[in-house]
Amino acid sequence: MAAPRLNAETKAIIAKLKDHAGRKLADAFTMPKEVYTSGAFHDLELSRVFEREWLCAGRAETLPKAGDFMTYRIGNQPVAIVRQKDGSLSAFSNVCRHRMMTLLEGKGSCRRIVCPYHAWTYDLDGSLIAAKHMEQTNRFDMAKVKLPKVRCEVWNGWIYITLNAKAPTPAMKLAALDEIIADYGAGDYVEVDTQEHVWQTNWKLLTENFMEGYHLPVTHRKTVGAYFPVEDTRFGEGEADDAFTFQWFTKTEDAPVGTAHKKNKRLKGDMRRTSVLGSVYPCHMFVLAPDHLWYLSLQPLGPGEVQIRYGLAFAPELMAEKKLAARITEAKTYLDATNEEDRGVVEGLYRGVQAPLAEPGPLSWLEKENLDFTRYLLRSVAS
Ligand code: FES
Ligand SMILES: [Fe+2]
């Protein structure tokens, strides 16, 4: 989409956001209501956040064979990510070069990409290889027709894509986070479940919800909030990073999940029961535990609606366990319940931020990352 120019509405919202972002944590507030509800602000986010950033589409190990594909949307741009015959991953515009029909849907495997409208057919690398009844059309040279490329990289097993030709690679941008999570070996974790959901909320309410642990002992007291001493939360030291925020949390000794398998030789001491809760801006969030990881990636559908891609992956030691199927079911049930708990609060928040009498309230020290995110959002939309 053409980059929207700032108008009076978005300028006023940015001015309020600036006031919030400039405060220290002890004086900080929840973001202004309009950042969650304004359609004009949402359009600005699509062009200044989503169309500029690297976004996580899913896990690379879920596309093992040539022709395996997944789809994703960057703002209004549908993207297909396809495993190539040489083993590499390619991403391209998932829109036909004929009458602009969207091509692939969901996730699957194909030998060729065939448009469902008039069957123009593309090779796995996006080159057009068949188009019937085009012999009378002037200046139609099939060899020159290709689906436009989208940049695609794999970082710690996650597929990242961007429309931004100039963005530094995820490896460069997330080098500091790489150091923090290196010992977990996340690139070797294997996805065992993935789901898509649409929730009635603003994408940022979900990002903010995921990044703070304050709600865990309350909203998630029956699931991930148990065995979780919230007072022990540790944040990284020094200045916040421009590209991500994170916290460590350590499970109690008796926690049934979130601790290292006896065959895990990568993690030592307390790290064997410590997880990293990471948020890569704008909307890739994960819990990386010694035995599993789960992550969310968000595709906003409007100010009040978001599509959620959710995945659960196991550390390699667990994949070798005899009772793998039972473990998957158990972990899935647990995380499905956690997600339902989160859906309840983030949809409730979206109803709340639209209330005429609602006002942003003060933040706790446990919501440091929400302030980091406010500052990130301001940097992105104001430039
Ligand atoms: S729009 Fe794809 S073949 Fe016509
Ligand atoms: Fe939560």
Side-chain angles (χ1 to χ4, degrees), residues 53-62 89 152-162 167-194 207 210-213 216 224 228 232-251 255 257-261 263-298 309-319 331 335 338 366 368-369 372-373 376:
E53 290 284 23
W54 286 98
L55 302 170
C56 171
R59 295 282 300 177
E61 73 277 6
T62 65
L89 279 177
C152 176
E153 296 273 337
V154 176
W155 179 81
N156 279 287
W158 282 293
I159 299 168
Y160 270 81
I161 53 177
T162 187
T169 61
M172 290 161 75
K173 198 175 152 192
L174 300 173
L177 184 56
D178 244 334
E179 270 182 43
I180 292 159
I181 66 172
D183 290 347
Y184 290 86
D188 295 325
Y189 283 37
V190 179
E191 188 164 275
V192 293
D193 183 44
T194 183
T207 298
F210 198 94
M211 60 179 46
E212 54 91 349
L216 293 187
V224 286
F228 187 92
D232 295 349
T233 302
R234 286 177 293 134
F235 299 107
E237 285 172 14
E239 286 299 301
D241 193 280
D242 281 356
F244 69 92
T245 180
F246 80 102
Q247 59 177 273
W248 305 101
F249 63 87
T250 302
K251 292 276 184 162
V257 291
T259 55
H261 189 279
K263 289 191 182 150
N264 180 332
K265 305 286 182 230
R266 300 180 297 281
L267 296 164
K268 316 274 180 226
D270 275 357
M271 286 301 290
R272 296 183 68 78
R273 53 192 181 90
T274 298
S275 301
V276 177
L277 197 157
S279 303
V280 177
Y281 303 138
C283 61
H284 174 208
M285 287 84 74
F286 59 84
V287 172
L288 177 55
D291 57 342
H292 73 278
L293 69 83
W294 62 295
Y295 69 93
L296 301 180
S297 174
L298 310 180
R309 183 161 294 182
Y310 152 99
L312 165 69
F314 278 179
E317 302 81 24
L318 268 76
M319 297 305 291
L335 291 174
T338 307
L366 285 165
K368 169 200 174 287
E369 289 158 290
D372 292 342
F373 183 59
Y376 161 78

Check your understanding: Could you go step by step and tell me if T169 and Y160 meet the side chain to side chain contact (heavy atoms under 4.5 Å, CB included) rule?
Key -> CA-CA 9 Å; T169 61; Y160 270 81; over 6 Å; no
Practice item. Begin from the C-alpha positions of D372 and Y281 and carry the test side chain to side chain contact (heavy atoms under 4.5 Å, CB included) through to its verdict. Key: CA-CA 10 Å; D372 292 342; Y281 303 138; 3.3 Å; yes
Quick one: closest heavy-atom pair of [X] and [Y], and the distance?
{"X": "W54", "Y": "P168", "answer": "NE1-O, 2.7 Å"}
{"X": "L267", "Y": "N264", "answer": "N-OD1, 3.3 Å"}
{"X": "R309", "Y": "T194", "answer": "CG-OG1, 4.4 Å"}

Is any side-chain heavy atom of [Y] closer than 4.5 Å to one of [X]?
{"X": "D193", "Y": "Y310", "answer": "yes"}
{"X": "S275", "Y": "W248", "answer": "no"}
{"X": "P170", "Y": "H284", "answer": "no"}
{"X": "M285", "Y": "T207", "answer": "yes"}
{"X": "T274", "Y": "Y184", "answer": "yes"}
{"X": "D183", "Y": "K268", "answer": "no"}
{"X": "L55", "Y": "P282", "answer": "yes"}
{"X": "F249", "Y": "L277", "answer": "yes"}

Any donor-acceptor N/O pair, [X] side chain to [Y] backbone, under 3.5 Å:
{"X": "E212", "Y": "K368", "answer": "no"}
{"X": "R272", "Y": "R266", "answer": "no"}
{"X": "Q247", "Y": "M211", "answer": "yes"}

In a table with atom names and distances, give each donor-acceptor pair under 3.5 Å that connects a side chain of residues 286-297 to protein atoms at least two apart or in another chain.
{"unit_1": "D291", "atom_1": "OD1", "unit_2": "G258", "atom_2": "N", "d": "3.3"}
{"unit_1": "D291", "atom_1": "OD2", "unit_2": "G258", "atom_2": "N", "d": "3.0"}
{"unit_1": "Y295", "atom_1": "OH", "unit_2": "E191", "atom_2": "OE1", "d": "2.6"}
{"unit_1": "S297", "atom_1": "OG", "unit_2": "C56", "atom_2": "O", "d": "2.5"}
{"unit_1": "S297", "atom_1": "OG", "unit_2": "Y72", "atom_2": "OH", "d": "2.7"}

Exercise for review: Could you tell me which residues satisfy salt bridge (Lys or Arg N to Asp or Glu O under 4.0 Å) with D188, sequence neighbours excluded, listed by chain and number?
Suggested key: none
Let me check something: any side-chain donor-acceptor pairs from residues 172-181 under 3.5 Å, sequence neighbours excluded? List them with distances.
{"unit_1": "K173", "atom_1": "NZ", "unit_2": "E53", "atom_2": "OE1", "d": "2.7"}
{"unit_1": "D178", "atom_1": "OD1", "unit_2": "N156", "atom_2": "ND2", "d": "2.9"}
{"unit_1": "D178", "atom_1": "OD2", "unit_2": "W155", "atom_2": "NE1", "d": "3.2"}

